[in-house]
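Single-structure report; data block below.
Along the sequence shown, residues are numbered consecutively beginning with 1. All heavy atoms count here, side chains included; hydrogens, waters and symmetry mates do not.
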Amino acid sequence: MDIRIVEIEPALLEFGGPGDFIDPKVGLKEAGPFDIRFGAAQLKELRIGLVGTAEMNNKALQWVETCRNHIPTTMKNFAQYPDFDGFEAIFRSTLNTNQLWTYHIYDEHLNKALQINDDSNRFETVLELFNEGIRRIADIENNRPNLIICAIPDSVIEACHHVERKLTLKEKTTFKKIANVNRITQQLSLFEEVVVETEEDLLYRDFRRALKAKAIQAKLPIQIGTNRLFSDGRDNQDTATRAWHFSVAIYYKAGGIPWRLKSDSIDTCFVGITFHHVKTNQKSVVKSCLAQAFSSDGEGFALRGGDIAYDPDKTKMVHLSENQAYELGLRIIDEYNYRTGLSPKKIVLHKTSFFDENEEYGFRRAFNSIPVVELINLLPTSFRLLKHNNYPVNRGTLCIINDAQSYLFSTGYIKTLSTYPGAHIPRPIEIRSNEDIDIESAAKDIMGLARMNWNTSSITGGQPVTIFFSRQIGGILAELNVKNIENIPTSFRYYI
């Protein structure tokens, strides 16, 4: 057995000033956000709207004021948890709020909604109270905010975190009828002949995802804030750490570019292909395809692919049809072209299951004008490596066995932090492809994409961003799909 160990160097990130950095916090403090390189394009003012009860909006205002100032860390590992120097000092941008951008939900209205016995009705009523505030602020014609903080009290989290309902007898009958028609007469295209009298409705809903979907329709990004963000607590992160994560997230959502992955390669579009399970009162379990794409410049977007009806007689492994893969591939190229002004010279597809022949043929047919196309499987494993040390293997360790199997440890001991910030023995991901690819180059890309999570300032994330957000994005797109929303924004800043 031939075992080869390769250490993938940490990904370098680019910021506003000269120099390359490994840690986003260090880069932001020393060089500022990436978009200050473009001068007029930089986000010099971040306007924040507020939607919540008067008490929660006041807490949000106090938190924003806290983030304007220097916050010393209370953590021992200063390399991992540094001081927060204040938003303007770090991002070269001001944080502004205004009564015009503030919407108060009356306590009596919220309390009345929370007392509704029916779970679905209570969920929808409370959701609409917040949605009304989002719509009101979105309708401001001049000088509207860049994003909205939805300040959610604990009572809403407890009563409306999620809602799940069972099918009615009538819906069960329709559900069974459609499933039978779909399974028995699929080749005769009789599915369209089934008349469904009830409106399609999700059977499981998550409040956070539903609220994100409402904000997307209003074309305003939101940041959800709770007492865990606004207030210190024994089981909470320290104030400086929360300020770091919050500030990076709102800067990106408001339209800024915190940092960019340094790359000497050709213009590349990285795409994550994942599936999200959705169940409605009209359909069998549907596995809907999601494409999460990122340019080498860092711009991200999310696209909805085709649905695959659930078939209990088939394996759990699901795949797109050739035509679905082809159409999704064309949409990826179009969206990339729209955002960057050019077509990619290289497309890399990441998928957590194998590409079957139909998927591969469909994608390659769509990408026939792209010079370099790589279809890569990123698979979970139970593979382990141990070293003679108190800590596990280094993050970025690539183990290649017989030049046939490759395992990448995207988590592990981090030299710059002098620690392993995980709770369990690191599990690597297996990198596979149906064709010969440069495994070390693919591993380097994966490690770089793990740094492109602009919802946090942490350097410890292990999954590439092409795969990481699939679950929450799927839930948001499911909310939008039920209402048949067309021309929704695709920018990633609306979904995280």
Side-chain angles (χ1 to χ4, degrees), residues 15-17 24-25 27-52 56-71 83-103 133-134 136-152 211-212 215-216 218-226 229-230 239-260 298-300 452-457 489 491-496:
F15 294 84
K25 300 187 192 76
L28 286 169
K29 292 178 75 168
E30 296 191 15
F34 178 77
D35 55 352
I36 68 174
R37 294 189 179 196
F38 306 115
Q42 196 249 336
L43 185 67
K44 296 180 180 179
E45 177 194 20
L46 200 162
R47 301 184 298 277
I48 298 175
L50 299 173
V51 173
M56 290 302 295
N57 283 345
N58 186 53
K59 289 183 179 181
L61 282 171
Q62 293 175 0
W63 173 247
V64 170
E65 180 61 32
T66 298
C67 292
R68 289 191 177 105
N69 304 308
H70 179 270
I71 306 172
D83 291 347
F84 181 76
D85 291 344
F87 189 90
E88 185 170 353
I90 295 171
F91 292 92
R92 282 64 161 177
S93 176
T94 60
L95 287 177
N96 293 325
T97 58
N98 192 305
Q99 282 296 325
L100 181 65
W101 312 325
T102 302
Y103 180 89
I134 293 172
R136 290 282 188 91
I137 295 175
D139 287 341
I140 297 174
E141 293 185 1
N142 298 316
N143 198 35
R144 77 174 192 169
N146 305 106
L147 86 159
I148 294 173
I149 295 177
C150 288
I152 302 177
L211 192 57
K212 291 275 185 182
I216 289 171
K219 294 182 171 58
L220 255 182
I222 63 171
Q223 174 69 36
I224 292 178
T226 65
L229 172 64
F230 303 144
T239 309
T241 301
R242 300 199 314 273
W244 270 112
H245 296 334
F246 169 79
S247 297
V248 168
I250 65 171
Y251 189 81
Y252 170 63
K253 292 178 183 182
I257 306 175
W259 60 81
R260 187 179 74 171
E299 178 62 40
M452 297 309 293
N453 178 2
W454 284 327
N455 208 27
T456 177
S457 62
S491 176
F492 213 55
R493 69 185 76 250
Y494 290 97
Y495 294 85
I496 66 173

Check: Any idea how Trp244 and Phe84 line up, ring-wise: parallel (<30°), tilted (30 to 60°), or perpendicular (>60°)?
Finding: perpendicular
Notebook entry, point to check: Between Arg37 (side chain) and Phe15 (backbone), is there a donor-acceptor pair under 3.5 Å?
Noted result: yes
Item checked: Closest approach of Asn453 to Trp259 (non-hydrogen atoms, all atoms of both residues) -> O-CZ2, 4.0 Å
Check: How many angstroms lie between CD in Gln223 and OG in Ser247, if you round to the nearest 0.5 Å?
Finding: 9.5 Å
Margin query: With heavy-atom distances below 4.5 Å as the criterion, would you say the side chains of Pro33 and Ile257 are in contact?
Written below: no
Notebook entry, point to check: Does the Asn57 side chain pair with the main chain of Gly52, one donor and one acceptor, at a distance under 3.5 Å?
Noted result: yes
Notebook entry, point to check: Can you name the residues that form a ring pair (Phe, Tyr, Trp, His ring centres under 6.0 Å) with Tyr103, not counting sequence neighbours?
Noted result: none
Check: Looking at CD1 of Ile90 and OH of Tyr251, how far apart are the two atoms once the value is rounded to the nearest 0.5 Å?
Finding: 12.0 Å
Note to self: Looking at Ile496, is its backbone amide N or carbonyl O close enough to the side chain of Lys253 to form a donor-acceptor pair, meaning the two atoms are under 3.5 Å apart?
What the structure shows: yes
Next item on the list: Please report the closest heavy-atom contact between Arg92 and Gly32, naming both atoms and the distance.
Entry: NH1-CA, 3.4 Å
Next item on the list: Give every residue pair that meets the side chain to side chain donor-acceptor pair (under 3.5 Å) criterion with at least one member in residues 137-150, sequence neighbours excluded.
Entry: Arg47-Asn143
Next item on the list: From the options Phe34, Tyr495, Trp454, Phe492, select the one residue that forms a ring pair (Phe, Tyr, Trp, His ring centres under 6.0 Å) with Tyr252.
Entry: Trp454
Item checked: Candidate pair Leu61 and Leu50, rule side-chain contact (heavy atoms from CB on, under 4.5 Å), full reasoning -> CA-CA 8 Å; Leu61 282 171; Leu50 299 173; 3.5 Å; yes
Notebook entry, point to check: Can you name the closest pair of heavy atoms from Leu46 and Ala254 and give their distance?
Noted result: CG-CB, 3.7 Å
Check: Passes side-chain contact (heavy atoms from CB on, under 4.5 Å), Ile149 versus Phe230? Steps please.
Finding: CA-CA 11 Å; Ile149 295 177; Phe230 303 144; 4.2 Å; yes
Checklist line | CA sep, side-chain torsions, deciding dist, call: Cys150, Leu211, side-chain contact (heavy atoms from CB on, under 4.5 Å) | finding: CA-CA 9 Å; Cys150 288; Leu211 192 57; 3.9 Å; yes
Item checked: Results of salt bridge (Lys or Arg N to Asp or Glu O under 4.0 Å) for Glu30 - residues two or more places apart only -> none
Next item on the list: Give the C-alpha distance, both sets of side-chain angles, the deciding distance and a yes or no for side-chain contact (heavy atoms from CB on, under 4.5 Å) between Ile48 and Trp101.
Entry: CA-CA 7 Å; Ile48 298 175; Trp101 312 325; 5.8 Å; no
Checklist line | Nearest atoms (heavy-atom pairs only) where Asp35 meets Gly256 | finding: OD2-CA, 3.3 Å
Checklist line | Minimum heavy-atom distance between Ile134 and Ala218, given as atom pair plus value | finding: CG2-CB, 3.8 Å
Notebook entry, point to check: If you look at every heavy atom in Ser93 and Glu45, which pair is closest and at what distance?
Noted result: OG-N, 3.5 Å
Next item on the list: State whether the side chain of Asp83 and the backbone N or O of Asp85 hold a donor-acceptor pair below 3.5 Å, judged by distance alone.
Entry: no
Check: Under the 3.5 angstrom rule, does the side chain of Lys212 hit a backbone N or O of Ile222 as a donor-acceptor pair?
Finding: yes
Item checked: Gap between atom CD1 of Ile148 and atom CD1 of Ile250 - 0.5 Å precision -> 13.5 Å
Next item on the list: Could you tell me the separation between the OH atom of Tyr494 and the CG atom of Leu220, rounded to the nearest 0.5 Å?
Entry: 7.0 Å
Check: Is the shortest heavy-atom distance from the side chain of Leu95 to the side chain of Cys67 under 4.5 Å?
Finding: yes
